[in-house]
Amino acid sequence: MEKYGAECMITDNVKKLLDEIPEGVAVVAAAKTREAEEILEAISAGIGILGENYVQEMLRVQEQVKGEVKWHFIGHLQTNKVRKIVAGCDMIQTVDSLRLAREIDKRCSAIEKVIPILIEINSGREPQKAGVMPEDAVDLIKEIAVFPNLSIQGLMTMGPLAGDPEDARPYFVETRKLFDQLKESDIPGVEMKTLSMGMTNSYLVALEEGSNMIRIGTLIFGPRACSLN
Ligand SMILES: *Cc1c(COP(=O)(O)O)cnc(C)c1O
């Protein structure tokens, strides 16, 4: 009975979330550390996109979870692992360097695929964190836009992790401004249609600031440390 209770919880969580968010907002279920059964339940409840942080985990879960779901890579991607995931990936949300972009382009070219990507913005300007600094984003995007096997479709940001969701707001606002600015500058080969920001703690604030893609783990699956295995 315990088990069934927990399983229903994921279904309820997904339904509640999908009911609550405005039309036109996509939900990426952040699936790190979750088991296949949990992920399958989220899919049955209406989740259409899975977000994976780790290459090995993504490949393992893809063996177990097939069917009508899209796969987004949302973790830090090392260039030497790109080859392993491009075929099974519908979007890479974390492109933040020319070197990484070039490798993804090369590997996609080899399999004749054009892959949608987002540019990850280090909106908190934290030196150790992933993402391109906001002031360097336009130049990077112009350089990446020429790669024939990449399709730039928007921006992604994490923002500094904070206890209070309000603390995330300035970083979402800044990323949204950059998004609008890029949309207006109409760089050839660049579409600005997806703005991926907001997690369990911060998605309501992110939605207020113009996010149209939220990445949700805990709110769907429960706390990671306590998740049922
Ligand atoms: C884990 C993760 C999320 C979701 O985090 P929750 O707080 O569990 O909702 C979103 N985005 C990225 C990049 C993540 O690694």
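As the structure lists them, so they are numbered: ligands from 1, and atoms in each ligand from 1.
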Check the pair Asp12, Lys16 against salt bridge (Lys or Arg N to Asp or Glu O under 4.0 Å), reporting the backbone distance first and the verdict last. CA-CA 6 Å; Asp12 288 351; Lys16 217 186 290 172; over 6 Å; no
N or O contacts of ligand 1 with protein under 3.5 Å, please list pair by pair.
{"from": "ligand 1", "atom 1": "8 (O)", "to": "Thr218", "atom 2": "N", "distance (Å)": "2.8"}
{"from": "ligand 1", "atom 1": "8 (O)", "to": "Thr218", "atom 2": "OG1", "distance (Å)": "2.6"}
{"from": "ligand 1", "atom 1": "8 (O)", "to": "Arg224", "atom 2": "NH1", "distance (Å)": "2.9"}
{"from": "ligand 1", "atom 1": "8 (O)", "to": "Arg224", "atom 2": "NH2", "distance (Å)": "3.3"}
{"from": "ligand 1", "atom 1": "9 (O)", "to": "Thr200", "atom 2": "N", "distance (Å)": "3.0"}
{"from": "ligand 1", "atom 1": "9 (O)", "to": "Thr200", "atom 2": "OG1", "distance (Å)": "2.5"}
{"from": "ligand 1", "atom 1": "9 (O)", "to": "Gly217", "atom 2": "N", "distance (Å)": "2.8"}
{"from": "ligand 1", "atom 1": "11 (N)", "to": "Arg215", "atom 2": "NE", "distance (Å)": "2.9"}
{"from": "ligand 1", "atom 1": "15 (O)", "to": "Lys32", "atom 2": "NZ", "distance (Å)": "2.7"}
{"from": "ligand 1", "atom 1": "15 (O)", "to": "Asn53", "atom 2": "ND2", "distance (Å)": "2.7"}

What pairs of donor and acceptor atoms, side-chain ones from residues 64-71 against any protein atom, are under 3.5 angstrom apart with sequence neighbours left out?
{"from": "Lys66", "atom 1": "NZ", "to": "Gln62", "atom 2": "O", "distance (Å)": "3.4"}

Show every donor-acceptor pair shorter than 3.5 Å between a side-chain atom in residues 130-155 and any protein atom, with sequence neighbours excluded, or say none if there are none.
{"from": "Glu135", "atom 1": "OE1", "to": "Arg125", "atom 2": "NE", "distance (Å)": "3.2"}
{"from": "Glu135", "atom 1": "OE1", "to": "Arg125", "atom 2": "NH2", "distance (Å)": "2.9"}
{"from": "Asn149", "atom 1": "ND2", "to": "Lys113", "atom 2": "O", "distance (Å)": "2.9"}
{"from": "Ser151", "atom 1": "OG", "to": "Gln153", "atom 2": "NE2", "distance (Å)": "3.2"}

Begin with the C-alpha distance, continue with both residues' side-chain angles, and end with the deciding distance and a verdict on salt bridge (Lys or Arg N to Asp or Glu O under 4.0 Å) for Lys32 and Glu57. CA-CA 8 Å; Lys32 58 179 175 276; Glu57 185 172 328; over 6 Å; no
Please identify each residue that fulfils side-chain hydrogen bond (donor to acceptor under 3.5 Å, both in side chains) with Arg107, with sequence neighbours left out. Glu103
Provide the closest heavy-atom pair for Lys84 versus Leu59 in the form atom of the first, atom of the second, distance. O-CD2, 3.6 Å
